[in-house]
2 protein chains.
Amino acid sequence: MSGAKRQTRKPRPEGLSRIQEMNRAKILDAALGQFSRYGYSGTTIEKISGEAGMSKSNLLYYFASKPDIYEAVLEHILDVWLAPLRSLDPEGDPAAELSAYIRQKLQMSAERPEASRLFANEVMQGAPRIRRVLEEDLKGLVAEKSEVIRHWMAAGKIRQTDPVHLIFLIWAMTQHYADFQTQIEVLTGRTLQDPDFRKGAEEAVIAMVLSGLGLVPKDR
Amino acid sequence: MSGAKRQTRKPRPEGLSRIQEMNRAKILDAALGQFSRYGYSGTTIEKISGEAGMSKSNLLYYFASKPDIYEAVLEHILDVWLAPLRSLDPEGDPAAELSAYIRQKLQMSAERPEASRLFANEVMQGAPRIRRVLEEDLKGLVAEKSEVIRHWMAAGKIRQTDPVHLIFLIWAMTQHYADFQTQIEVLTGRTLQDPDFRKGAEEAVIAMVLSGLGLVPKDR
DNA sequence: CGTCTTCTTGACCGTTTGGTCAGGTTTCGT
DNA sequence: ACGAAACCTGACCAAACGGTCAAGAAGACG
C-alpha cells in the first residue's frame, strides 16, 4: 500500500440529505395511502414501495421494519390532526370560535381524509400504538379545552352542556364525512371535495352545534 | 355384491342440524370479534377457530373460505344494524320519533360495539363487499326517510334542514361512541356500558339534534 | 346392533410476506 | 479524478397463512 494521503469524507454532517428527505416523504405518503385504505395487516411493504416508486429493499433501507413505517406515518399525522383543537381561544366569541373549529376540522376531513381514516382505524383496533399519546397529550388537551367551554357556560354565553360530550360530538360529525366518505358518496353521489356539498355539511354541523348551545346561528 | 337389502338413511331432511346451527353460531360470533378488532387481513382463520373452540380444519368444514366467513358475518349484522331507521314513523311526533331513533342507535352502540366497528371498517375500506347493499337497500331507505323528514318540515313541525345531512349527523354521533370507544375510555375512563355515561351521551345527542331542529328538548 | 352420514382432526402443501445479505451503482467532498 | 460514503437492487430465507386431504370418531336411524 502506498503511504499517500488518505482522503476521507465527513461521515454524516447532520440532518438528512436531500435524497433521504425526498424518499422518506415519498414513502410516508405512499404508506399513508395504503395503511388508510387496507389497514395495517392488509398493507404490504412491497405495495408501499411500488407506490413510492422504489424497490422493497430500498424502502427497507430507509425504514427498518413495517411497524417502523406505520409509527412514522402515525406520528407524522398526529400533530396536524390535533392542531385545530389547540387553537380554540378562551378569549374569543364562543360562536365564532366553535364555528372556526368545525370549519377547520371539516377542512381536514376534506383535504386529508386518509389521515382521518388511518387515525380511526388505529383507534378502532384499540389504539395499541398511540395509547400513550392519547393518555398523555390528548387527555390534557381535552381537559384544558373543556375548561374553556365551562368558562363560557359560567359566563352565561352558552347553554349548560357536558363539555366532553360536546367535543366528542363535534369530532364525530366532522370526521364522519371523511371516514364514511364511501357510504356518503354512494348515497348522495357527492363528497366533501364538492364545494357545494362541503358548504352544506358545514352549515348543517355548525347549525346543530350552535343551536344546541343556545346560540342562534346567524342567517346570511 | 350381495343382494341383501341395503338400509339407507335420508341424506339430509331439511334445514340445519343442531350441531351445525350451534357451531355456525359460535364461528360467526368469534369471527365478529376478530374481524372487528383486527380487520379482515389482520384476522386469521386459525384465531377464529381457536376462539370458537374448534380446529381450523373443522371451521373450514362449515365455511369454505375466509371471505365466506366474512360475508356471512356482515350479512348477519346488516339487517339488525339498519332496523332502527326502518321504524321511523311518519305519523309520529318528530321529537318523540327522533329521540327514540337516537336511543335505539345508542343502544346498539352500547350492546354491539363490535358490529358497529366491523361496519365502519368495511365502509372505510371502500365498502367492497357491501356496496351493492348500500346502493340498493340503504339508498332507498334513506330516500324514503328523508321524505318523512321533509314532510315534517313542510308541516312546520321542525326547522328547515337538509334531511340527508341530518341523518348522517345522527349516524355520526351515535356510532362514534362505539367506534371510538377506546379513545373515549382513555379520555373519560368510561364507556357506554356505564349507565350514567350512557344517559349523558343520550341527553347530549338528543339535545343537540332536537334544538338543531328548533324543538326545545323537554327538561326533566 | 349395524351401517350410513355427519362431524372432527392432524399432517401436509403452495403462496405470500417481512426481512436479510452480498454486491453493484451513484453521489459528493476533496 | 478519485475514493469513501450513501444509495439501490435482486436473490434468497424462514415464518405465517389459507386451504386440501385422507382417515378416524361421534351421531342418528332402521
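The chains referred to below are lettered A, B, ... by the order of the sequence lines, with proteins before strands, and numbering in each begins at 1.
In the set dG18(D), dC7(D), dT9(D), the nucleotide with an atom closest to the side chain of Ser57(A) is dT9(D). Side-chain proximity of Tyr61(B) to dC8(D), dC7(C), dG19(D): nearest is dC7(C). Distance from the side chain of Asn23(A) is smallest to dC8(D) among dC7(C), dC8(D), dT20(D).
At a threshold of 4.5 Å between non-hydrogen side-chain atoms, the residues Phe35(B) and Lys66(B) count as touching.
Scanning all heavy atoms of the two residues, the minimum distance from Lys145(A) to Arg86(A) falls at NZ-O, 3.1 Å. Nearest heavy-atom pair, Ala30(B) versus Glu51(B), reported as atom, atom and distance to 0.1 Å: CB-CB, 3.7 Å. Residues Ala204(B) and His165(A) approach most closely at CB-CB, 3.7 Å, considering heavy atoms. Summarising the geometry of Asp179(A) relative to Val123(B), their closest heavy-atom pair is O-CG1, 4.5 Å, with the distance given to 0.1 Å.
For the pair Ile45(B) CD1 and dT20(D) C1', the interatomic distance rounds to 11 Å; values are reported in whole Å. Remark: C1' of dC8(D) and OH of Tyr62(A) are 8 Å apart, rounded to the nearest angstrom. Atom CG of Leu60(B) is separated from atom P of dC12(C) by 18 Å (rounded to the nearest Å). Between the CD1 atom of Ile48(A) and the C1' atom of dT16(C) there is a distance of 15 Å, rounded to whole Å. Protein atom CG of Leu59(A) is 11 Å distant from nucleotide atom P of dT9(D), rounded to whole Å. When rounded to the nearest whole Å, the span between NZ of Lys66(B) and P of dT15(C) equals 19 Å. The CD atom of Glu46(B) sits 10 Å away from the C1' atom of dG18(D) (whole-angstrom rounding). When the P atom of dG18(D) is taken as reference, atom NZ of Lys47(B) falls 13 Å away, rounded to whole Å.
Close to dC7(C), at under 4.0 Å from its OP1 or OP2, lies a side-chain N or O of Ser17(B). For Arg18(B), no side-chain nitrogen or oxygen approaches OP1 or OP2 of dT6(C) to under 4.0 Å. Phosphate contact (OP1/OP2 of dT9(C), side-chain N/O of Asn58(B), threshold under 4.0 Å): present. Side-chain nitrogen and oxygen atoms of Gln20(B) include none within less than 4.0 Å of the OP1 or OP2 phosphate oxygen of dT6(C).
Remark: nothing in residues 24-37 of chain B comes within less than 4.0 Å of DNA chain C through any heavy atom.
DNA chain D is contacted by both Ser55(A) and Lys56(B); Ser55(A) maps to the nucleotide lying nearer its 5′ end (nearest heavy atom per residue).
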Going through the distances and angles, do Ser116(B) and Trp81(B) end up as a side chain to side chain contact (heavy atoms under 4.5 Å, CB included)? CA-CA 8 Å; Ser116(B) 182; Trp81(B) 202 244; 3.3 Å; yes
Report the C-alpha distance between Glu202(B) and Arg103(B) in whole Å, list the side-chain angles of each, state the deciding distance to 0.1 Å, and finish with yes or no for salt bridge (Lys or Arg N to Asp or Glu O under 4.0 Å). CA-CA 7 Å; Glu202(B) 271 181 16; Arg103(B) 258 186 275 267; 3.7 Å; yes
Using the 3.5 Å cut-off, write out each protein N or O paired with an N or O of nucleotides 13-16 of chain D and the distance between them.
none

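Stacking of Arg117(A) on the aromatic ring of Phe180(A) is not recorded, the 6.0 Å distance cut-off and the 45° axial limit not both being met. Phe119(A) does not carry Arg112(A) over the face of its six-membered ring by the limits of under 6.0 Å from the centre and within 45° of the normal.
Within the nucleic acid shown, Thr43(A) comes within 4.0 Å of sugar-phosphate atoms alone, with no base atom in reach, counting heavy atoms only.
Under a cut-off of 6.0 angstrom, the local environment of CD in Glu75(A) is sparse, with at most 12 non-hydrogen atoms contributed by other residues, nucleotides or ligands.
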